**Q** 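What follows is a structure written as structure tokens; I'll ask about it next.
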Amino acid sequence: MTGFMLWLTGNSLQLFSIIMLLMSMRTPIVAIMGTQKTFSRYEESDISLLVPKVVYIALNLAAFGMCLYKAQAMGLIPTLMDL
């Protein structure tokens with residue numbers, strides 16, 4: 001869903017595009033920081049939660065990576081090409 005919303009906003013610097021980008025960046029960061037709370041209801045079971053937690057964090061990092069790519073495409077992150 002994050003990728004779809006980022007695709008819909010386009011690469012132009014408009015208020016809506018920047019707000020969507022910032023919200024899309026905030027969501028994975030908050031999710032990664034709240035991983036323990038997200039999986040807390042399953043802690044009582046005898047099943048190891050290491051793999052699901054790693055996958056959860058990896059998917060959120062991928063969403064954050066999409067946001068960084070979008071920010072670079074919009075020109076908000078300077079690169080060596082810009083210097």
Side-chain angles (χ1 to χ4, degrees):
M1 189 59 141
T2 300
F4 182 68
M5 289 302 295
L6 291 174
W7 175 72
L8 285 177
T9 58
N11 285 340
S12 61
L13 287 177
Q14 297 176 359
L15 185 61
F16 179 74
S17 300
I18 294 172
I19 289 173
M20 285 304 299
L21 179 66
L22 292 176
M23 286 181 6
S24 296
M25 283 181 141
R26 180 184 166 269
T27 302
I29 293 171
V30 170
I32 289 171
M33 292 175 67
T35 300
Q36 197 64 25
K37 183 180 177 188
T38 302
F39 287 92
S40 65
R41 61 180 142 174
Y42 305 112
E43 290 292 332
E44 296 174 3
S45 65
D46 294 335
I47 300 171
S48 174
L49 296 175
L50 180 64
V51 174
K53 285 181 182 181
V54 169
V55 170
Y56 181 77
I57 291 171
L59 290 173
N60 280 302
L61 286 174
F64 188 72
M66 285 190 294
C67 294
L68 289 178
Y69 176 78
K70 180 69 169 191
Q72 188 273 331
M74 292 173 71
L76 297 174
I77 297 177
T79 59
L80 291 177
M81 300 285 191
D82 296 334
L83 298 176

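Just so we're clear, the structure is a prediction, and the values are computed from it rather than from any experiment. Here, residue 1 is the first one in the sequence, and each next residue gets the next number.
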**Q** Please determine whether residues Leu76 and Met23 belong to a single hydrophobic cluster, defined as Ile, Leu, Val, Met, Phe, Trp and Tyr linked transitively by side-chain heavy-atom distances below 4.5 Å.
**A**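 Not linked; separate clusters.
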
**Q** Hey, quick one: are Tyr56 and Met1 part of the same hydrophobic cluster, counting side-chain heavy atoms closer than 4.5 Å, chains of contacts allowed?
**A**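 Different hydrophobic clusters.
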
**Q** Backbone N or O of Gly10 within a donor-acceptor pair of the Lys70 side chain at under 3.5 Å?
**A**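 Yes: the side chain of Lys70 pairs with the backbone of Gly10.
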
**Q** Decide yes or no for Leu61 and Pro28: does some side-chain heavy atom of the first lie under 4.5 Å from some side-chain heavy atom of the second?
**A**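 The answer is no, as the side chains (C-beta and beyond) never meet within the 4.5 Å cut-off.
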
**Q** Atom CE of Met20 and atom CG of Leu15: how far apart are they, to the nearest 0.5 Å?
**A**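 These two atoms lie 12.0 Å from each other.
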
**Q** Can you tell me how far OG of Ser17 sits from CE of Met5, rounded to the nearest 0.5 angstrom?
**A**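 Rounded to the nearest 0.5 Å, the CE-OG separation comes out at 10.0 Å.
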
**Q** Supply the atom-to-atom distance Leu49 CG to Thr38 OG1, rounded to the nearest 0.5 angstrom.
**A**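 Reported to 0.5 Å precision, the distance equals 11.5 Å.
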
**Q** In terms of hydrophobic clustering (I, L, V, M, F, W, Y; side-chain heavy atoms under 4.5 Å; direct or indirect links), are Tyr69 and Phe4 co-clustered?
**A**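 No, because Tyr69 and Phe4 fall into different hydrophobic clusters, even though each may have its own neighbours under 4.5 Å.
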
**Q** Check the surroundings of atom CZ in Phe16: do more than 12 heavy atoms from other residues, nucleotides or ligands lie under 6.0 Å from it?
**A**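 Not more than 12 within 6.0 Å, no.
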
**Q** Check this for me: Glu44, atom CD, are more than 12 non-hydrogen atoms of other residues, nucleotides or ligands nearer than 6.0 Å?
**A**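 Atom CD in Glu44 is not crowded, with 12 or fewer foreign heavy atoms closer than 6.0 Å.
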
**Q** With side chain to side chain contact (heavy atoms under 4.5 Å, CB included) as the test, would you mind laying out the steps for Ile18 and Leu13 before giving the verdict?
**A** CA-CA 7 Å; Ile18 294 172; Leu13 287 177; 4.2 Å; yes

**Q** Walk me through it: do Thr9 and Leu21 pass the test side chain to side chain contact (heavy atoms under 4.5 Å, CB included)?
**A** CA-CA 9 Å; Thr9 58; Leu21 179 66; over 6 Å; no

**Q** Counting N and O atoms only, with roles assigned by atom type, does the side chain of Ser24 sit under 3.5 Å from a partner on the main chain of Thr2, one being a donor and the other an acceptor?
**A**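 Not confirmed, Ser24 side chain does not pair with Thr2 backbone.
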
**Q** Do Val51 and Leu59 share a hydrophobic cluster (ILVMFWY, side-chain heavy atoms under 4.5 Å, transitive)?
**A**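 Per the 4.5 Å side-chain linkage, Val51 and Leu59 are co-clustered.
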
**Q** Which pair of non-hydrogen atoms, one from Ala71 and one from Met25, has the smallest distance, and what is that distance?
**A**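 Closest approach of Ala71 to Met25: CB-CE, 4.5 Å.
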
**Q** Hey, quick one: are Tyr42 and Ile47 part of the same hydrophobic cluster, counting side-chain heavy atoms closer than 4.5 Å, chains of contacts allowed?
**A**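 No; tracing contacts between hydrophobic side chains, which count when under 4.5 Å, never links both residues.
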
**Q** Going by atom type alone, with no hydrogens or angles, which donor-acceptor pairs under 3.5 Å involve a side-chain atom of residues 29-36 and a protein atom two or more places apart or on another chain?
**A**
{"residue": "Thr35", "atom": "OG1", "partner": "Ala31", "partner atom": "O", "Å": "3.3"}
{"residue": "Thr35", "atom": "OG1", "partner": "Ile32", "partner atom": "O", "Å": "2.8"}
{"residue": "Gln36", "atom": "OE1", "partner": "Lys53", "partner atom": "NZ", "Å": "3.2"}

